[in-house]
Amino acid sequence: MVSLMLALAACGTKENADGGSNGDGDSKGKTYTVATDSNFKPFEYLNTKTGELEGFDIDLITEIAKRAGYEIEFESMDFDGLLAGMQGGRYEIGIAGMSITPEREETLDFSIPYYDSGIILMVPEDSDIESIDDVDGKKIGSRQGSTSESFLGENTEAQVEAYPEIVTAYMNLANGKLDGALYDVPNVQYFIAQEGKGKLKTTGEILQGESYGIAFKKGSELVDDSNEALESMIKDGTYAEIYEKYFGEKPGDDWLGEE
Ligand code: ARG
């Protein structure tokens with residue numbers, strides 16, 4: 001009963017004026033709400049000058065939707081709210097540098113992987129923490145609902161401080177209120193390059209490999225068409241173009257096109 005009510009309440013779909021002329025189950029021309037975050041650079045962030053969302057994920061899903069023939073509108077929220085909203089069936093699509101994990105796959109469908117990631121420790125330049133083996137009893141920051149938060153809980157005896165926004169962890173680390181932070185490699189590297197140079201550094205190995213996938217409501221009819229669109233973007237170089245725009249280099253060819 002509860003799941004039925006959730007399904008009925010799941011109104012992430014609005015039909016366009018001409019949507020009714022499409023056959024049942026046809027996504028073409030419909031508008032879907034894409035749940036995203038507003039502060040996970042360089043995947044999604046608010047351009048404070050224009051007030052628009054920007055980032056790798058935003059460009060990626062915009063082009064996917066165009067190729068697959070559906071319309072999208074964005075709604076941004078905290079990452080753990082996004083997870084809960086997706087799992088409750090409130091949104092048809094979610095893109096937020098979300099790692100594909102077996103637990104999440106129980107309640108969500110994922111696209112093919114679109115970015116190879118992992119998690120890594122960030123510490124002050126002069127820290128004596130050299131790897132994850134040194135964090136027991138230390139204050140380590142992360143983000144609520146993230147794979148890093150689970151990793152810390154499952155594999156260490158650190159005092160975990162998980163915040164709704166990862167920047168709070170980064171700021172507290174920079175101000176000496178935390179001993180370290182654990183989070184996604186590209187986001188940590190981006191932060192160090194932009195704001196942490198000479199003060200913060202990564203340390204130790206990448207702790208677990210993770211692949212980002214676009215999340216869909218379980219059973220969504222958009223998965224196949226979206227995957228096809230993404231594959232076509234990988235083949236024709238559009239993916240590489242978007243990648244270079246946000247990461248300043250071409251993607252490695254070690255995983256792309258493997259599918
Ligand atoms: N990749 C990590 C996870 O899936 C963190 C993602 C955080 N993304 C965000 N938009 N804040 O748990």
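Every number for a ligand or one of its atoms is a count from 1 in the order of the listing. Note that these values count all heavy atoms, side chains included, but never hydrogens, waters or copies made by symmetry.
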Is it the case that T33 and E75 place a side-chain donor and acceptor less than 3.5 Å from each other? no
In terms of side-chain heavy atoms, does D225 have a donor or acceptor partner in Y70 at a distance below 3.5 Å? no
Main chain of V123, side chain of S127: is a donor-acceptor contact present, judged purely on distance under 3.5 Å? no
Name the atoms and distances for all side-chain donor-acceptor pairs under 3.5 Å in residues 193-205, with sequence neighbours left out.
residue : atom : partner : partner atom : Å
K199    : NZ   : E195    : O            : 3.3
K201    : NZ   : E125    : O            : 3.2
T203    : OG1  : E130    : O            : 2.9

What does the list of residues with a heavy atom under 4.0 Å from ligand 1 look like, ordered by chain and number? D37, F40, E44, F79, A96, G97, M98, S99, R104, R143, S146, T147, Y183, D184, E210, Y212
Taking the six-membered ring for Trp and the full ring for Phe, Tyr or His, determine whether the centres of Y239 and F56 are under 6.0 Å apart. yes
Salt bridge flag under 4.0 Å for residues D109 and R104: no
